[in-house]
Amino acid sequence: MTISPDGPDTVGDMRFTRASGAGVRRAAAGAPEPAAGAEPAELQPAELLAAAARGDEQAFAALYDLTSPRVYGMVLRVVRDPAQAAEVTQDVYLQLWREAARFDPELGTVLSWLLMIAHRRAVDRVRSARAAVQREDRYAAGQLDRPYDEVSEQVQASLDAQRVRNALDDLTDTQREAIRLAYFAGYTHREVAALLDLPLGTAKTRIRDGLIRLRDALGVSDD
Amino acid sequence: MTSHELNALAGAYAVDALDESEREFFEAHLARCAECAAEVASLRAAAAELSHTAVTAPPDAMRGELLAAIGRVRPLPPRVIGRQPRPAQRWLWPAVAAACALIAVVAAGWGWQEHRQLAGHRLSPSALSGVFDSPDVATASVPVGSSGHAVLVYSKARQRLLLIGQGIAELPADRTYQVWMLGPQGSATSGGLFRPDRNGNVLVEARGDLSHTAQMGISVERAGGAAQPTPGAIVADITI
């Protein structure tokens, strides 16, 4: 940090001096600093990502093991084709490796960030595919009458999954279907409105209301 | 579109269900609406929970391929800042010329002229000359983040300041750059918010009393700005 030659102004500026100092320390944290005694497998995603940002490939592998079933599973559900799902998932993790140092914990958890990147990519993939072939529309429309959890492939029984399913059960049918079509089938809110025969403009409201209920039921927050 | 209608897009945005033009439109709004940004983050976290119902083991081969691939990819450095300002003279004038050519400015806050979403906006000649012509015109330059630079051209007598940035890193939709004026008593006063245009250029004009300001800072804050600079989020500090 540069100190003003006029001294007092800068020196007296405790608040800013401290803030700048923290910025500098953060920069210095780019240097490797092994977490003493901790096995990668015991670490949380945020810690593993921080280690990966310093070039620790083992930590990155542990992070992959910890998170990939959720990421790959979500991507597979969206794109449906295992080969494409694998491709998208690999791209996502390469991006994660490249941008590990730029993760901002204030914006949410590592998993939330990872799933956000993966979801955006998966949706981009199906939208560009859909522009060429419209067959998924009919496929998804055919799914509407089926209960939520029957359309999933290879769902791993887990307490978390049960918790989410319970929360989904408390949504209205329209909210649940709107969220499913948007999140897992990659439809825009306009397409969701058409598929569910909703008045123009209301699908986005259903999606938002449903997500708010889900958020409150699951007790998730961004921090 | 009213702010109520805009707000209704938060859920669809969180699950990537906006079309491209809506997405861009909403992201521009997010940059200025801290409330929407916070809601989007929480709804994204809720949407992420849905993936619990789709858990599937990835193909075994993927792990090995991925680990081989990362060995060939260098992680990007964090977005943090070098400490030594470079001498201004070397690049100030080209920077001014480039920044003046095409600028999108979003500025708000104390004493800052607002140029919301004016892609291609040109700062008026009088704004430029009001600073450049003043007898006490001075400059300071500073790196911003790992890729950018900013130059301040200011006149304490005329109470005007231009901030010209190049190569300023893009921010997520729910973050903003915030300028701080730092007073002698350790007070930090917000000088306004800005985001670079697509090319990383920034040009903002501020008017205000700089006579008690010896240092300025730029931090990355949540959209809507912060009351005080967040420790650790400072990307530039500038002695003036």
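Proteins get letters first, then strands, A, B, ... in listed order; numbering begins at 1 in each. Values reported hereafter were calculated over all heavy atoms of this structure, with side chains retained and with hydrogens, waters and symmetry mates removed.
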Inset, instruction - Name the member of V220(B), L67(B), V40(B) that forms the most heavy-atom pairs with chain A at distances under 4.5 Å. - result: L67(B)
Inset, instruction - Check whether L115(A) gets within reach of chain B through its side chain, its backbone, both or neither, counting any heavy atom under 4.5 Å. - result: side chain
Inset, instruction - Go through the atoms of R74(B) and report whether side chain, backbone, both or neither lie under 4.5 Å from a heavy atom of chain A. - result: backbone
Inset, instruction - With a 4.5 angstrom heavy-atom cut-off, could you sort out which part of R163(A) is near chain B: side chain, backbone, both or neither? - result: side chain
Legend entry - Closest-packed option against chain B by number of heavy-atom pairs under 4.5 Å, given T205(A), V71(A), I207(A), V75(A): I207(A)
Legend entry - Heavy-atom pair count under 4.5 Å with chain A, highest-scoring of L76(B), V15(B), I70(B): I70(B)
Legend entry - Residue, of A46(B), S219(B), P75(B), that accumulates the most heavy atom pairs under 4.5 Å with chain A: P75(B)
Legend entry - Student check: side-chain heavy atoms of M62(B) and Y93(A) closer than 4.5 Å: no
Legend entry - Cationic N near anionic O, under 4.0 Å, R63(B) to D65(A): yes
Inset, instruction - Can you tell which part of A182(A) gets under 4.5 Å to a heavy atom of chain B, answering side chain, backbone, both or neither? - result: both
Inset, instruction - Identify the two heavy atoms, one from A17(B) and one from Y187(A), that lie closest to each other, and give their separation to 0.1 Å. - result: CB-O, 3.5 Å
Legend entry - Audit row: R208(A), E39(B), salt bridge (Lys or Arg N to Asp or Glu O under 4.0 Å) steps and yes/no: CA-CA 10 Å; R208(A) 176 167 175 257; E39(B) 178 172 307; 2.5 Å; yes
Legend entry - With sequence neighbours excluded, residues passing side-chain contact (heavy atoms from CB on, under 4.5 Å) with A138(B): Y154(B)
Legend entry - Residue list, side chain to side chain donor-acceptor pair (under 3.5 Å) with E22(B), at least two apart or on another chain: H189(A), R190(A)
Legend entry - Nearest heavy-atom neighbours spanning L94(A) and A69(B): CD2-CB, 3.9 Å
Legend entry - R23(B) portion near chain A, given a 4.5 angstrom heavy-atom threshold: side chain
Legend entry - Y72(A) side chain reached by V55(B) side chain, heavy atoms, under 4.5 Å: no
Legend entry - Validation row: Y183(A), D16(B) side chains within 4.5 angstrom (heavy atoms): no
Legend entry - Within-4.5 Å side-chain heavy-atom neighbours: R70(A) and E49(B): yes
Inset, instruction - Quick one: do S112(A) and R44(B) satisfy side-chain hydrogen bond (donor to acceptor under 3.5 Å, both in side chains)? Show the steps, please. - result: CA-CA 7 Å; S112(A) 178; R44(B) 261 189 188 140; over 6 Å; no
